Amino acid sequence: MVVLCKSRSVNDTRRAVLEALSDGAHSGTDLAADLAVSRAAVWKHVEALRDAGFAIESTQAGYELVGVPEYGAEAVEFGLDAPFEVRYEERTGSTNDVARDLAADGESDVVVLAEEQTGGRGRLDREWASPSGGVWASILFRPDRPPATVPLFTLAAAVAVTDTAREAGVDAGIKWPNDVLVRTTPDASDRQRSTRDHLSTEDHRSAEDSEDVRQGPKLAGILTEMEGEADRVSWVVVGLGVNVNVDADALPPGATSVREQVGDVERRAFVQRLVERFHELRSSPGEILPAWRDHSLTLGRRVRLETVDDVLVGTAKSVEHPGALVLETEDGTRRVHAGDCEHLRSA
Ligand code: BT5
């Protein structure tokens, strides 16, 4: 019988060294024996980890891990309870583009992070401001599903962002389909009005529409891209942009950040939680819609929906698989699969 044995990559060994050190001090000799590599190789991996920002002391008991870097690929991978490899770029055009290139190279289950994006994209090629301090992340995976179900992953990402933001103390909720907003109170109406005053004429859509926009500032957005055939997805990239440790001044009008709402948080833990929650949801798709409905700021609201060829005003009644919004309008029930949604003051 031939046994095929996949050899361990450098990265796998580095991860194994780190994992061992997280349990306490280990001598170079023990690590070498446990991982079936030479002592020189262990030393090289320890040096590489130090270069990546891990504080590893050489004590009498052996190597001891005493500090983890604030952010970066190794930092986020360390202790991540989800099966993803993490890549990190200090500065890149768009993490979605990096992830798409990785997909073209046949890779999967990778999270691409960037400190800063110079060409961050929203839907319909809109600009996405991505200054240093935010969480700009793209998750690449290959679900064994038909392309028509992919919008469900966008909803899952919005749920994951909302849960993570709430755990950080931000009162977040979801505006259909993919915006995470901070919930507003009546007191916030002045701020909203000023937000609206900042919107461009184009953004105002209908100047003659006298209904007030009633929605909180935007904390995060999601851009899902995919490639596939009629009955099977080849790859999906879910891009998540969350304004975390960012000054509101560095963002467009109408945006907010975790810093502005509750102060700075540990980005490493934030991304880990985000990716773990997304992984939980993609592994249990049946939970996505109920969680989305629970977190929705749109359901029950009067909304204006702008689709490719129509503008609809009505009450958002429900969201149906795989993410269509059911709208009650004066002309009856309409199901909308894609478009821009604005929350209006109740009629
Ligand atoms: C989105 O588009 O909300 C999707 C944003 C996805 C960004 C992530 S970051 C990681 C990955 N790499 C990328 O290149 N993209 C993804 P949309 O719904 O079209 O909203 C875009 C609009 O939001 C813009 O036209 C601005 O009005 C506003 N906006 C731009 N930057 C913002 C920011 N940082 N925070 C809040 N609003 C912003």
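Remember, it's a predicted structure, so these values are computed and weren't measured experimentally.
The pair Arg166-Asp171 does not count as a salt bridge, with every side-chain nitrogen at least 4.0 angstrom from each carboxylate oxygen. Note on Asp340 versus Arg304: no salt bridge recorded, every NZ/NE/NH1/NH2 to OD/OE distance being 4.0 Å or above. Between Glu328 and Lys317 no salt bridge is recorded (no basic side-chain N to carboxylate O distance below 4.0 Å). A salt bridge links Glu225 with Arg100: at least one charged nitrogen is closer than 4.0 Å to a carboxylate oxygen. A salt bridge is absent between Arg293 and Glu320; no separation between the charged side-chain nitrogens and carboxylate oxygens falls under 4.0 Å. Between Glu47 and Lys44, none of the side-chain N atoms (NZ, or NE/NH1/NH2) sits under 4.0 Å from a carboxylate O, so this pair counts as no salt bridge.
Taking a 4.5 Å side-chain heavy-atom cut-off between Ile, Leu, Val, Met, Phe, Trp and Tyr, the cluster of Leu297 extends to Leu181.
By the neighbour-count criterion of 12 heavy atoms within 6.0 Å, atom CD of Glu70 is densely surrounded, having more than that number from other residues, nucleotides or ligands. Atom CZ of Arg259 sits in a crowded spot, with more than 12 heavy atoms from other residues, nucleotides or ligands closer than 6.0 Å.
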Salt bridge (Lys or Arg N to Asp or Glu O under 4.0 Å) evaluation trace for Arg121 with Glu127: CA-CA 5 Å; Arg121 292 187 278 116; Glu127 272 180 41; over 6 Å; no

Would you sort out whether Arg232 and Glu229 count as a salt bridge (Lys or Arg N to Asp or Glu O under 4.0 Å), showing the intermediate values? CA-CA 5 Å; Arg232 207 169 147 255; Glu229 287 160 19; over 6 Å; no

Show, in sequence, the C-alpha distance, side-chain angles and deciding distance for Glu107 and Arg142, and conclude whether the salt bridge (Lys or Arg N to Asp or Glu O under 4.0 Å) test is met. CA-CA 9 Å; Glu107 298 210 31; Arg142 297 179 186 272; over 6 Å; no

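Judged by the 6.0 Å and 45° rule, Arg268 forms no cation-pi pair with Tyr71. A cation-pi arrangement is present between Arg282 and Phe141 under the rule of less than 6.0 angstrom and at most 45 degrees off the ring axis.
Within the 4.5 Å cutoff, the side chain of Arg87 has no heavy atoms near those of the Leu113 side chain. Taking 4.5 Å as the limit, some side-chain heavy atom of Leu289 sits within range of a side-chain heavy atom of Leu152. Using a 4.5 Å cut-off on side-chain heavy atoms (C-beta onward), Leu325 and Leu299 make contact. Counting heavy atoms from C-beta outward, Glu115 and Tyr88 have side chains that approach closer than 4.5 Å. Taking the side chain as every heavy atom from C-beta outward, Val233 and Pro143 approach each other to under 4.5 Å.
Nearest heavy-atom pair across Trp128 and Gly122 is CB-N, 4.0 Å. Residues Val258 and Leu219 approach most closely at N-CD1, 3.6 Å, considering heavy atoms. The shortest heavy-atom contact between Ala248 and Glu260 is CB-OE2, 3.5 Å.
Remark: His295 engages Asp163 in a side-chain hydrogen bond (donor to acceptor under 3.5 Å, both in side chains) (not counting sequence neighbours).
Between His45 and Thr13, the side chains place no donor N or O within less than 3.5 Å of an acceptor N or O (distance only, hydrogens not considered).
Of the candidates Val238, Asp101, Leu223, Leu223 is the only one forming a side-chain contact (heavy atoms from CB on, under 4.5 Å) with Asn96. Among the candidates Val17, Leu18, Asp12, the single residue satisfying the side-chain contact (heavy atoms from CB on, under 4.5 Å) test with Arg15 is Asp12. The residue from Leu140, Thr224, Thr95, Val112 that alone fulfils the side-chain contact (heavy atoms from CB on, under 4.5 Å) condition with Val237 is Leu140.
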